[in-house]
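So the structure is just underneath, and the comments pick up after that.
What you see is a predicted model; the values in this text were computed from it and never measured. Per chain, numbering begins at 1; letters A, B, ... match sequence-line order.
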Amino acid sequence: MPYFIEAILPLALPNTFTYAVTEAEYGFLQQGMRVAVPFGKNKIYTGLVASLHQTPPRLYEAKEIHHILDEKPIVTPIQLQHWKWVADYYMCTIGEVYKSALPSGLLLESETIITPKKDFVAEGADLNDEEYLVYEALQVQSALKIQEVSNILNKKTVLPVINRLISKNAISLQEEISEKYKPKAIRYIRLQEQFLQQEQLSQLLEVLSRAKKQREAVMHYFQLQASDKKPVAVKKLTDAGITATVIKSLIDKEIFEEYYIEEDRIQFEGSNNAGFSLSEKQQLAFNSITTSFEQHNVTLLHGITSSGKTEIYIKLIEGYIQSGKQVLYLLPEIALTAQLVIRLSAYFGNKVAVYHSKYSNNERVESWLQVLEGSEKAQVIIGARSALFLPFNNLGLIVIDEEHEQSFKQQDPAPRYHARDAAIVLANYHNAKVLLGSATPSLESYFNVQSGKYGYAELKERYGNVIPPEIILIDLKDKYKRKQMTGHFSDTMTDAVAETLALGKQVILFQNRRGFSPYIECMTCGHVPQCPQCDVSLTYYKYKNALRCHYCGYHIASPTQCHKCHSTDISTKGFGTEQIEQELKVLFPEKNSWRMDQDTTRGRHGYEKIIDSFKNREIDILVGTQMLAKGLHFDNVGMVGILNADNMLYQPDFRAFERAYQMMVQVAGRAGRKNDRGRVLVQTYNPLHNVIRQVTENDYEGMFAEQVYERHNYKYPPYYRLIRITLRHKDYEKVKNAALWLYNVLCSQLQVPVLGPEEPAISRIRNEYIRSLMVKIPPGTGLQPTKKAILKVLQSLDAVAQYKAVKITINADPY
DNA sequence: AGCACGCCGACT
DNA sequence: GTCGGCGTGCTC
């Protein structure tokens, strides 16, 4: 009787793959274990066992698995079910979900290793120069990777050389798959057993009387052991000034012996319970959440900025972990985890674990395994969207903070999932509750509240008498007419900044565009430098004196004269954070201003450094992009300035107004503190615009009503569901035709509206032309059947020879 | 997706 | 004459 498994491979292929296993393996293997399997000509992948069966494939011979990587499953049945849902809903393969769900430390890929054959002699084998170089390198290193061979020969195509060496019997190839995860081990020492008795010990000290250093080391060891009553780590001795050589010779003399204990890489120290109690309003909100959970699985907490939502989350989480449940806390931005970990571990001690993509491989594997075991140390998980894929087995609650943030939706590699929506599905599988929190809920969530699908709780009062900020509108048209502008600052704005600083408070300025200016223009011929690979103008960076493309990274030195007409009269157009920072240096030369955007927050701690120095008041004025709007708390900010509200309002996106509202309210929320009313200054050409008015009046309901009305009229979410199909190819005509073909077929096959084919605002990126189509699914129309039909149409597109090279991406619920 | 295979233009 | 460009087909 043959035995088989179905394995999921981390690839964008629609099917699972069948592999043959032995009877013993069949008995041992379970769903959710990893297996190393050969795939294609000479590659080994980490497959995941999806099922076991005994039906031989009919059209091909199943390969045998290479070996088994786990002793017990590392992926739970619920996860597999959830992955399946993600793959179906977001229209990608389960392999893609698997690939992004598993930490890369658990997802190994093979590497081809070249080793020399022992009995080969170079003499008389007539190797050419390249072959000899490889042979020689192998005498020194005894194993090479393909990449290394390529470096040695200084060219890309090395396979012919390798093949010739194989045929000459000089080398052989192996596929190596190495476990990347290594538990961190701490080195300890202890006295060999025979010295544990008193007399031997005195003897020992006698023996060492002439080796002063070694004697000292042994004495010190005793001290440590007596005081700590714990195993003695080698590091403790070296810290005390005992050298590694001394320890080594003691080990060599068999006086000490060394041993290792695995240690957790991540440890949060925390005094358990820095007890606090909720304010009256917070308690009310807390109560309405718990009541709401009796009827609804999902509840939205609509709490204005600085109303103390986090305290409510903490109280809620406490209840769940007391009953032994796991809690997942999702944040929109990795950079926010640091602040939150401090707050939560002060309360829950080392029950808090973190998980996000900036964590090292090993750290992520560790958290994964802890969650899988249901370890005490990972009862509360804080993470960005990928933490959703951890192997929970007893999940009780998911908190999604800043629920409206668009970064919860994964944009680029598939699966293009929305963490909020996927979390709600996951919670259902676990019978867990979901709490969404935001000061400016997404229209989707608030809509679900109104229709009774979600529960609702609100917190409409700032914590501890913080008065909501005063919002002042500045009419730019008027200011320019009256010549009251200095650069991009109106006199009102400059005065307010000066006043705030004079009071010893800090200022935040918001400009949603990085760089110095979005483009430069020749004042003689009107030429605007463009990216040669993308259909965008190049952003000017004054500091680096460069022009840069935000889409492909292309950059050139900033021209001194126009490339077209050689005029030297070049002017910058528009403005970004860098320019504002420059202007500040002139306006407030003795104040310390700093800039926070993607360009200054590179690196693992770039962001935290800026935040910390702002908190420590080393920075007086912080200029930043939308990064500033994401749930940061500062307690000395006297005013917030929005330099140009208009560029947010006029984006070609049906969500532009909602976003502009959210962004402005969020940024405004950074102003003010206890007993001190903050000020928010908004510069705009449209002071009468509805969204601006809604921001000043803090009228979420008004914004919601107006936007929802528009969405209804123009057939957009939350009424209609959207699926965007994007086509890319370097041949302009080819994409254009393929998009038209696709449009026609979709229209004839689907009974729903299809928009397009549309040339997006940026119609070419990295030399690929882009077209997009939008399928709109009306309320009440089945999602699954429509998606199935779309996939079928795309398959038939793939069957058209001239179009199959066109790259296609599908984005369900684009955000 | 990756990767091998296969066919065609630009140079050591 | 090879190197490396890309189009094509396949992966249990």
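Set against C:dG9, B:dG2, B:dA1, the side chain of A:Y45 has B:dG2 as its closest nucleotide. Of all nucleotides listed (B:dG2, C:dG9, C:dC12), C:dC12 comes nearest to the side chain of A:Y19.
As a whole-Å value, the separation of A:D798 CG from B:dA1 P is 11 Å. The interatomic distance linking A:D412 (CG) with B:dA1 (C1') rounds to 14 Å, in whole Å. With rounding to whole Å, A:N15 atom CG is found 13 Å from C:dC10 atom C1'. In this structure, A:K807 atom NZ and B:dG2 atom C1' are separated by 13 Å, rounded to whole Å. Between the CG atom of A:L11 and the C1' atom of C:dC10 there is a distance of 12 Å, rounded to whole Å. A straight line from CG of A:L13 to P of C:dC12 spans 10 Å, rounded to a whole angstrom. The distance from atom NE2 of A:H53 to atom P of C:dC12 is 15 Å, rounded to the nearest whole Å. One atom, CG of A:L9, and another, C1' of C:dT11, lie 9 Å apart when rounded to the nearest Å.
The ring pair (Phe, Tyr, Trp, His ring centres under 6.0 Å) test applied to A:Y429 returns no partner, not counting sequence neighbours. Take A:N767 and apply the side chain to side chain donor-acceptor pair (under 3.5 Å) test, not counting sequence neighbours, and it matches A:R764. Evaluation of the ring pair (Phe, Tyr, Trp, His ring centres under 6.0 Å) rule for A:Y98 yields A:W83 as partners, not counting sequence neighbours. Shown here are the ring pair (Phe, Tyr, Trp, His ring centres under 6.0 Å) partners of A:Y743, two or more places apart in sequence or in another chain: there are none. For A:H53, the ring pair (Phe, Tyr, Trp, His ring centres under 6.0 Å) partners two or more places apart in sequence, or in a different chain, are A:F4. Applying the side chain to side chain donor-acceptor pair (under 3.5 Å) test to A:D731 and every residue at least two apart in sequence or in another chain returns nothing.
In the region residues 54-64 of chain A, proximity to DNA chain C at under 4.0 angstrom, judged on heavy atoms, holds for A:Y60, A:A62, A:K63. Listed by residue number, the members of residues 723-736 of chain A with any heavy atom below 4.0 angstrom from DNA chain C are A:K730.
Note on A:K43: every side-chain N or O is 4.0 Å or more away from OP1 and OP2 of C:dT11.
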Donor-acceptor list for residues 10-17 of chain A side chains, cut-off 3.5 Å, not counting sequence neighbours:
unit_1, atom_1, unit_2, atom_2, d
A:T16, OG1, A:E6, OE1, 2.8

Could you list the donor-acceptor pairs under 3.5 angstrom formed by side chains in residues 784-803 of chain A, with sequence neighbours left out?
unit_1, atom_1, unit_2, atom_2, d
A:T786, OG1, A:G782, O, 2.7
A:K787, NZ, A:Y89, O, 2.7
A:S796, OG, A:V793, O, 2.6

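The 12-atom threshold is not exceeded at NE2 of A:H555, counting heavy atoms of other residues, nucleotides or ligands nearer than 6.0 Å.
Pairs of residues two or more places apart, or lying in two chains, that qualify as salt bridge (Lys or Arg N to Asp or Glu O under 4.0 Å) and include a residue from residues 59-86 of chain A are A:R34-A:D70, A:K84-A:D88.
A cation-pi arrangement is absent between A:K736 and A:Y732 under the rule of less than 6.0 angstrom and at most 45 degrees off the ring axis.
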Restricting both atoms to N or O, compile the protein contacts to nucleotides 7-9 of chain B shorter than 3.5 Å, with distance only.
none

